[in-house]
Enquirer: 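Here's a structure for you.
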Number of protein chains: 4
Amino acid sequence: MSGIFLSNILQFKIYYLFLTKRSVKIKYSMSPRTPEQFKEIRAEKKAQIMQAALEVFAEKTFQGASVSMIAKKAGISKGLLYNYFSSKEDLLKQIIWQVWNNFVELFESKNADNFNETDFEEIIKLSFDMLKTDYKFWKLYISLVMQPAAIKFLEEKIPEFMDEYLNLYVNYYQKKGIKNPLAEARLLGSALDGVSLNYILDPENFPLEEVQRLIIEKFK
Amino acid sequence: MSGIFLSNILQFKIYYLFLTKRSVKIKYSMSPRTPEQFKEIRAEKKAQIMQAALEVFAEKTFQGASVSMIAKKAGISKGLLYNYFSSKEDLLKQIIWQVWNNFVELFESKNADNFNETDFEEIIKLSFDMLKTDYKFWKLYISLVMQPAAIKFLEEKIPEFMDEYLNLYVNYYQKKGIKNPLAEARLLGSALDGVSLNYILDPENFPLEEVQRLIIEKFK
Amino acid sequence: MSGIFLSNILQFKIYYLFLTKRSVKIKYSMSPRTPEQFKEIRAEKKAQIMQAALEVFAEKTFQGASVSMIAKKAGISKGLLYNYFSSKEDLLKQIIWQVWNNFVELFESKNADNFNETDFEEIIKLSFDMLKTDYKFWKLYISLVMQPAAIKFLEEKIPEFMDEYLNLYVNYYQKKGIKNPLAEARLLGSALDGVSLNYILDPENFPLEEVQRLIIEKFK
Amino acid sequence: MSGIFLSNILQFKIYYLFLTKRSVKIKYSMSPRTPEQFKEIRAEKKAQIMQAALEVFAEKTFQGASVSMIAKKAGISKGLLYNYFSSKEDLLKQIIWQVWNNFVELFESKNADNFNETDFEEIIKLSFDMLKTDYKFWKLYISLVMQPAAIKFLEEKIPEFMDEYLNLYVNYYQKKGIKNPLAEARLLGSALDGVSLNYILDPENFPLEEVQRLIIEKFK
DNA sequence: AATGAATGAGCGTTCATTCAT
DNA sequence: AATGAATGAACGCTCATTCAT
């Protein structure tokens with residue numbers, strides 16, 4: 001596994017919005033529902049459950065969270081949850097994978113060859129921006145993804161993706177003539193992870209702006 | 001909370017030794033025991049239980065670990081465990097606090113004024129050395145300390161200690177004329193955290209030596 | 001209760017046909033339906049559900065069968081099932097009673113006075129024939145009728161019918177001058193039950209033909 | 001599967017006594033328990049649970065019986081039941097196998113060569129005697145053993161034992177010069193099964209004595 | 001100091017049944 | 001007539017904790 005799982009959080013934005021924008025209650029017409037309406041209802045309810053589960057898992061640990069708590073937070077009955085997810089573990093798996101797939105998909109769209117200093121600065125800035133704006137989501141996500149239960153699901157996905165991710169930075173540093181580009185890339189990833197973690201744990205006292213400037217200065 | 005909880009792991013060494021050196025089975029004479037011997041037996045058994053609990057908690061999460069598992073791993077009966085700890089939560093609390101107290105105590109003995117470049121390099125080297133040598137312990141410790149249940153106990157202790165810890169590095173950077181010494185110190189702490197985390201998660205592929213050199217180069 | 005509930009299976013033939021002949025999918029015209037057509041649709045769907053339920057009950061036990069399974073096997077929604085049967089127990093009750101009523105009705109039409117040796121031999125032969133030909137149905141039926149839940153419903157019905165059934169054979173043996181006609185009749189019934197059971201449980205190794213001959217030889 | 005599973009019930013006597021004789025409450029001394037005492041307590045409690053389970057399974061079906069009911073009937077808590085049996089299914093399995101093993105063990109001790117007419121008559125008489133005396137146990141046992149869940153466990157055991165059982169009677173009839181000894185043996189087994197079943201279902205009206213005489217007369 | 005039998009609350013999950021559409 | 005989302009009670013099972021010995 002590697003540093004990417006905390007840093008480079010930028011890309012989750014879209015998923016996050018997707019996850020949350022639907023939690024508004026929608027009133028349906030009284031006419032018989034079309035299959036499309038059923039699907040829409042299901043999709044919304046599913047997102048609603050996943051959001052609730054993410055919060056409870058983050059606060060209590062996967063093992064410490066009970067299906068009752070999740071159902072209560074989602075405003076549904078315990079039984080209905082099993083209409084959408086085959087088990088508590090399936091619920092976790094779907095949360096993890098959906099986030100991860102969004103992440104990977106977006107990341108793969110980047111072209112490693114064109115990655116220049118401006119891109120670097122921009123991506124760092126955006127990442128820090130995200131961390132600040134979506135503080136609540138990242139707190140949840142980090143809490144979740146650090147748990148053994150979550151890592152279990154991620155472990156099989158990460159290796160294949162890892163090279164590609166590192167390559168972006170390794171190439172970048174190589175082109176800049178840095179001596180040990182891999183170490184440089186791994187340290188950058190680690191630093192981003194560490195910053196994310198420390199900011200999440202103590203957002204009020206962590207000097208995020210200045211640290212961001214320092215990272216750009218030291219790693220650009 | 002802050003970056004210190006993962007980085008600067010050096011100081012745990014002594015506690016670690018304390019914790020493990022006693023897990024050797026000792027045979028006692030059959031003659032009537034003195035009160036001192038009783039105390040010693042109690043102390044040893046307690047350490048033995050805590051060590052077992054640390055391992056089980058790390059592997060299974062606090063919530064996922066059962067008292068039965070811990071008792072089994074410690075080689076005692078479930079009932080006896082409650083002779084030493086009033087509850088599972090108390091067991092966790094005592095583990096966390098004992099580690100923490102050892103940490104704080106040792107750290108406070110350092111003199112911030114004498115901290116020079118040689119010390120810096122040395123402390124970083126020692127930290128990385130520890131990470132490598134006591135890999136298993138740190139894996140356990142990090143797994144444990146990242147759990148919400150553990151963080152709950154640490155949260156009340158950390159703030160008072162935080163300033164002192166940061167001061168060491170803030171002073172160091174101040175004396176060196178660095179522009180923003182606090183940001184520099186927090187980034188260093190974060191980087192150390194991130195490195196610890198990434199190395200623990202993938203020790204075989206992480207270029208620890210080179211990353212260590214890079215850190216000294218960038219942060220000295 | 002008594003031996004009749006397994007033996008003398010001949011009489012179920014008509015009911016069996018009634019139950020199965022309707023499980024063929026029938027296409028209806030799209031023109032507005034007459035009330036009679038509605039009734040017919042209802043009747044057919046009911047038979048279709050009962051057939052599905054019989055199979056699931058037999059395989060899984062009444063308690064082990066779920067309404068979902070039955071609805072699925074019948075090709076309808078769970079909700080619709082409750083349009084035809086007020087509860088799972090009602091479904092079982094209706095299956096049992098319908099089989100039973102067909103059985104009784106047919107049996108009562110026989111005239112005990114005319115029952116001679118030729119009739120005896122014929123009825124035994126027919127019974128064994130049925131057992132072989134409709135093996136699958138009898139397996140289901142026996143599995144179902146041996147369950148406490150089914151016996152509960154049968155228990156109230158049987159006594160009134162018992163005498164009549166036994167009378168057929170008691171009269172027969174009386175006319176033949178057998179010493180204890182009741183015991184003879186009950187042993188015959190028991191033997192037929194036992195044979196049915198054993199054949200159903202192990203059809204490949206049970207020497208049905210020879211056993212049939214033996215029964216005629218010993219009980220005629 | 002075959003007829004033996006109901007008939008020839010004689011051999012269970014010892015097990016039955018074993019199962020029931022222990023359900024008397026025993027008071028233990030107040031001194032610390034020796035390991036032997038623990039074992040004894042466990043064995044007794046286990047028998048007590050098995051007896052309760054046999055009764056509930058028989059009345060409600062394996063699937064219809066709940067662990068709560070069994071625990072209640074056994075006078076213990078639900079949790080304790082799992083101290084003795086790893087699952088509800090394990091409980092069923094242990095009941096079935098223990099009965100079965102006792103049965104097989106005793107049966108195998110019989111010598112097929114010495115089996116003469118006196119033995120035959122005696123074994124039939126004893127069987128019928130058992131059925132009458134231990135009516136309650138046989139009712140339970142038959143109800144249990146007819147359930148799919150129980151048959152599942154027996155199925156693997158029976159075939160190897162079947163031949164031996166049949167051989168006893170096949171040899172017997174062969175020596176007597178009967179034409180089709182296998183069919184004769186299977187019919188006898190079936191008749192005994194049927195009689196057991198019918199007697200159990202309606203003990204007050206079934207003419208057990210006379211039927212017994214008839215069987216000896218017809219099958220000796 | 002030490003055991004392990006015993007409890008009971010709560011877990012994840014299933015399922016008969018209802019109901020809005 | 002027909003659907004399937006929704007409920008809630010009860011299921012099998014686990015486990016932190018207690019207690020007699």
Side-chain angles (χ1 to χ4, degrees), chain A residues 28-35 37-38 41-42 45 63-71 75-91, chain B residues 33 38 41-42 45 63-71 75-91, chain C residues 33 38 41-42 45 63-71 75-91, chain D residues 28-35 37-38 41-42 45 63-71 75-91:
Chain A
Y28 296 95
S29 68
M30 301 299 278
S31 58
R33 288 180 182 122
T34 64
Q37 279 177 320
F38 270 125
I41 294 174
R42 280 193 74 86
K45 192 130 282 177
Q63 330 256 2
S66 80
V67 172
S68 299
M69 291 171 190
I70 296 168
I76 58 162
S77 71
K78 246 194 312 181
L80 186 57
L81 194 148
Y82 285 87
N83 203 317
Y84 292 88
F85 302 92
S86 66
S87 67
K88 188 178 147 190
E89 190 168 328
D90 178 48
L91 177 50
Chain B
R33 290 177 181 119
F38 271 122
I41 293 174
R42 276 196 74 85
K45 193 132 279 180
Q63 332 264 354
S66 80
V67 172
S68 298
M69 291 173 193
I70 297 168
I76 59 161
S77 72
K78 249 189 312 180
L80 187 56
L81 193 149
Y82 282 86
N83 205 317
Y84 290 90
F85 303 92
S86 67
S87 68
K88 188 177 146 189
E89 191 167 333
D90 178 48
L91 177 50
Chain C
R33 289 175 182 122
F38 272 123
I41 294 174
R42 277 196 73 85
K45 192 132 279 177
Q63 332 264 355
S66 79
V67 173
S68 298
M69 291 172 193
I70 296 167
I76 57 161
S77 72
K78 250 191 308 182
L80 188 56
L81 194 149
Y82 282 85
N83 205 316
Y84 291 88
F85 303 92
S86 67
S87 69
K88 188 178 147 189
E89 191 167 334
D90 177 48
L91 177 50
Chain D
Y28 296 95
S29 67
M30 301 299 277
S31 58
R33 289 180 181 121
T34 65
Q37 279 177 318
F38 271 125
I41 293 174
R42 280 193 74 85
K45 192 131 282 178
Q63 331 255 1
S66 79
V67 173
S68 298
M69 292 171 191
I70 297 168
I76 58 162
S77 70
K78 242 189 318 178
L80 187 56
L81 194 148
Y82 285 87
N83 204 317
Y84 292 88
F85 302 92
S86 66
S87 67
K88 189 178 145 189
E89 192 168 326
D90 178 47
L91 177 50

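Throughout, protein chains are lettered first and strands after them, A, B, ... in sequence-line order, and every chain is numbered starting at 1.
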Enquirer: In whole angstroms, how far is the P atom of E:dG4 from the CG atom of B:Leu81?
Expert: 14 Å
Enquirer: Looking only at side-chain atoms of B:Ile76, point me to the closest of F:dA2, F:dA6, E:dT3.
Expert: E:dT3
Enquirer: Is there side-chain contact between D:Leu81 and D:Leu91, with heavy atoms separated by less than 4.5 Å?
Expert: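 In short, these two side chains touch, coming nearer than 4.5 Å.
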Enquirer: Let me know the distance between NZ of D:Lys45 and P of E:dG4, rounded to the nearest Å.
Expert: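 Going from NZ in D:Lys45 over to P in E:dG4 covers 17 Å.
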Enquirer: Just jot down the side-chain contact (heavy atoms from CB on, under 4.5 Å) partners of C:Gln63, sequence neighbours excluded, or say none.
Expert: C:Thr61, C:Ala149, D:Thr61, D:Gln63
Enquirer: 5'-most contact on DNA chain E: B:Leu80 or A:Leu80, nearest heavy atom basis?
Expert: B:Leu80
Enquirer: Hey, is the side chain of C:Asn83 poking within less than 4.0 Å of OP1 or OP2 on F:dA1, counting only N and O atoms?
Expert: yes
Enquirer: Polar atoms only, N or O, under 3.5 Å: list the protein pairs with nucleotides 9-13 of chain F and their distances.
Expert:
unit_1: F:dG12; atom_1: OP1; unit_2: D:Ala65; atom_2: O; d: 3.0
unit_1: F:dG12; atom_1: OP1; unit_2: D:Lys88; atom_2: NZ; d: 2.7
unit_1: F:dG12; atom_1: OP2; unit_2: D:Val67; atom_2: N; d: 2.7
unit_1: F:dC13; atom_1: OP2; unit_2: D:Tyr82; atom_2: OH; d: 2.6
unit_1: F:dC13; atom_1: OP2; unit_2: D:Lys88; atom_2: N; d: 2.8
unit_1: F:dC13; atom_1: O5'; unit_2: D:Tyr82; atom_2: OH; d: 3.2
unit_1: F:dC13; atom_1: N4; unit_2: D:Lys78; atom_2: NZ; d: 2.5

Enquirer: Where are the stems of DNA chain E, defined as at least 3 consecutive Watson-Crick or wobble G-U pairs with both distances under 3.5 Å?
Expert: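 Correct response: E:2-21 with F:2-21.
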Enquirer: Tell me what A:Tyr84 touches on the nucleic acid: a base, only sugar-phosphate, or nothing, going by heavy atoms under 4.0 Å.
Expert: sugar-phosphate
Enquirer: Taking all atoms of both residues into account, what is the closest heavy-atom pair of A:Lys78 and A:Ser68, and its distance?
Expert: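 Looking at all heavy atoms of both residues, the closest pair is CD-OG, 3.4 Å.
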Enquirer: Rounded to whole Å, how long is the line connecting atom CG of B:Leu91 with atom C1' of F:dC15?
Expert: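 Roughly 15 Å, once rounded to whole Å.
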Enquirer: Rounding to an integer number of Å, can you tell me how far B:Asp90 CG sits from F:dT18 P?
Expert: 12 Å
Enquirer: Could you list the residues that satisfy side-chain contact (heavy atoms from CB on, under 4.5 Å) with A:Ser86, not counting sequence neighbours?
Expert: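 A:Ser86 satisfies side-chain contact (heavy atoms from CB on, under 4.5 Å) with A:Asp90 only.
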Enquirer: Can you name the side-chain contact (heavy atoms from CB on, under 4.5 Å) partners of A:Tyr84, sequence neighbours left out?
Expert: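 Only A:Arg42, A:Lys45, A:Lys46, A:Ile49, A:Leu80 meet the side-chain contact (heavy atoms from CB on, under 4.5 Å) criterion with A:Tyr84.
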